[in-house]
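A quick write-up on the structure given underneath.
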There are 2 protein chains.
Amino acid sequence: MSTHFDNLVVTSFGATYAGAMSRTGADLALLLLGGFRSLAAAATAELARRGHDDVHPAHDFAMRAIAAGADNASELGRRLAVSKQAAAKTIALLEERGYVTRADDPTDARRKLVQVTLQGNAVMREGEAIFEELRSRWAKQVGSDELARLERTLTELVGSEPISLAAPGRIVSDIGDA
Amino acid sequence: MSTHFDNLVVTSFGATYAGAMSRTGADLALLLLGGFRSLAAAATAELARRGHDDVHPAHDFAMRAIAAGADNASELGRRLAVSKQAAAKTIALLEERGYVTRADDPTDARRKLVQVTLQGNAVMREGEAIFEELRSRWAKQVGSDELARLERTLTELVGSEPISLAAPGRIVSDIGDA
DNA sequence: CCATTTGGACAACCTAGTTGTCGTTATAGA
DNA sequence: TCTATAACGACAACTAGGTTGTCCAAATGG
């Protein structure tokens, strides 16, 4: 079989012509997903290559939210638009892997204060750099004007819809995710 | 909190200015994901409104692959770049909900022949129409030239990478009866 | 001071993947 | 033709990320 994205789209959606202009709406969705996947997979792989084989973009995302002030499970849940239980699970996983710590909040005995560790910060820095690198690779490929234009268009399209990012994570489930 | 995409990006990734041009690589990835999600969520909702509240785009995707010839679990797995076990689960789910049927293959006693039902075909047709409608809504919003340009750019970017739709790192290896 | 809200911990469950094992069936080659 | 190997599907156990619902304890606001 061909695992090439283009072919997969064509095969799966039975578009009339292969390389033709006549893109369908579903193709557009797959194109967007494919783009995301392409970046996310590359980032995950590169992160793994650098020794962090246990983190995905979703974890990076969660850590940033924590670092940005969502320092307890409930708040993190709100911030990521998932339940507090789901957020607590993510925190537990990150803690287990040494990317965050949890301590009692001295000002509120109910709360557990979550903090990003040095290791966690390192991952975030690497993640940033990797995505930057991937973006510039794309810019080289189609021209930075064209890429900027794509971003502008997409921002206009997506920015105007009140859709939260919800679970920004698992690449696979993004297909089925509504 | 704001669940508006733009704000979320800014907050979570700590970009320096809110509406500024300076998009980061991670923003680009989120933009793509956001775009996909936006479409997928709208499609799922619309499908539910039309009485199919138990299907997601992923199921539509799988059904198309089945209709296009991936009529057994192993082949479907290959086509979708997941394990045959995962594909079998999807098939089981679709069968349970009446979108596909499974029968013994008369030419190969090992195989179970999967076929899309009338109901399954109906969902695919509706899905197509919905995505078409969503696309034209986007075309109205930014202009069809601009949208076509976005698609062209994205195709160039994504189509040129030999990335399968597989999970991050999950290279399709049916080597050794996995 | 008490009622209500909130945070966190469990538990049970769902979806969607994974790997590993195994029996059965095809198939290719000596 | 016989046999080794490959392939299909089923089952089991596991991971990861999500969901509700229940519950206790702690904070907070009349």
Side-chain angles (χ1 to χ4, degrees), chain A residues 1 37 40-41 44 53-62 70-97 102-114 164-178, chain B residues 37 40-41 44 53-59 61-62 70-97 102-114 164-178:
Chain A
M1 80 171 273
R37 276 192 190 234
T44 305
D53 59 342
D54 54 359
V55 263
H56 296 263
H59 302 139
D60 185 84
F61 193 75
D71 60 359
N72 63 79
S74 294
E75 180 55 30
L76 182 62
R78 258 174 255 125
R79 209 73 77 93
L80 300 181
V82 298
S83 65
K84 59 181 181 178
Q85 291 90 334
K89 281 194 190 178
T90 300
I91 290 171
L93 192 138
L94 287 173
E95 187 185 21
E96 194 186 296
R97 296 180 182 175
R102 272 181 16 184
D104 293 326
D105 186 330
T107 73
D108 188 335
R110 290 171 309 174
R111 282 191 175 88
K112 287 297 174 76
L113 225 123
V114 185
S164 96
L165 275 191
R170 275 189 42 227
I171 310 216
V172 168
S173 68
D174 288 324
I175 295 184
D177 196 24
Chain B
R37 277 194 190 240
T44 305
D53 59 343
D54 54 359
V55 263
H56 296 262
H59 302 140
F61 193 76
D71 60 359
N72 63 79
S74 294
E75 181 55 30
L76 182 61
R78 258 173 255 124
R79 210 73 77 93
L80 300 181
V82 298
S83 65
K84 59 180 181 178
Q85 292 90 336
K89 282 193 190 180
T90 300
I91 290 171
L93 192 138
L94 287 173
E95 187 185 21
E96 194 187 297
R97 297 182 182 174
R102 272 181 15 184
D104 292 327
D105 186 329
T107 73
D108 188 336
R110 293 170 306 173
R111 282 192 175 86
K112 287 296 174 75
L113 226 122
V114 185
S164 87
L165 279 188
R170 196 69 291 122
I171 307 301
V172 198
S173 57
D174 206 31
I175 310 157
D177 196 25

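Just so we're on the same page: letters track the sequence lines, and every chain starts at 1.
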What is the distance, rounded to the nearest whole Å, between atom NZ of B:K112 and atom C1' of C:dA26?
-> 17 Å

d(CG, B:L93; C1', C:dC13) in whole Å = 15 Å

Considering just the side-chain nitrogens and oxygens of A:S83, establish if one lies under 4.0 Å of OP1 or OP2 belonging to D:dG18.
-> no

Which residue lies toward the 5' end of DNA chain D, B:A73 or A:A87, if each is placed at its nearest nucleotide?
-> B:A73

Side chain of B:V82 (C-beta onward), nearest among D:dA10, C:dT18, D:dT19 | C:dT18

So, is A:R78 near the phosphate of C:dG7, with a side-chain N or O under 4.0 Å from OP1 or OP2?
-> yes

Please tabulate the protein-to-nucleotide N/O contacts below 3.5 Å involving nucleotides 26-30 of chain D, giving atom names and distances.
| residue | atom | partner | partner atom | Å |
| --- | --- | --- | --- | --- |
| D:dA27 | OP1 | A:A109 | N | 2.7 |

What about B:K89, does its side chain sit under 3.5 Å from the base of C:dG17 through a donor-acceptor pair?
-> yes

With distance as the sole criterion, do the side chain of A:Q85 and the base of D:dG21 form a donor-acceptor contact below 3.5 Å?
-> yes

Nucleotide C:dA9, atom P - distance to CG of A:L76 in whole Å = 13 Å

Distance below 4.0 Å between A:H59 side-chain N/O and D:dA16 OP1 or OP2 = no

Classify the nucleic acid contact of B:A88 as base, sugar-phosphate or nothing, counting any heavy atom under 4.0 Å across all strands shown.
-> nothing

Expressed in angstrom and rounded to an integer, what is the separation of B:N72 atom CG from C:dT25 atom P?
-> 16 Å

C:dG17 phosphate, OP1 or OP2: any side-chain N/O from A:H56 under 4.0 angstrom?
-> no

Looking at D:dG9, does its base get a donor-acceptor pair with the side chain of B:K84 below 3.5 Å?
-> yes

In whole angstroms, the gap separating P of D:dG17 from CG of A:D60 amounts to 13 Å

Audit row: B:R97, B:L93, side-chain contact (heavy atoms from CB on, under 4.5 Å) steps and yes/no = CA-CA 6 Å; B:R97 297 182 182 174; B:L93 192 138; 3.5 Å; yes

Interatomic distance, B:D105 CG vs D:dA7 P [rounded to whole Å] = 17 Å

For the pair made of CG in B:D71 and P in D:dG9, what is the distance, rounded to whole Å?
-> 9 Å

B:E96 CD to C:dA16 P, in whole Å, measures 11 Å

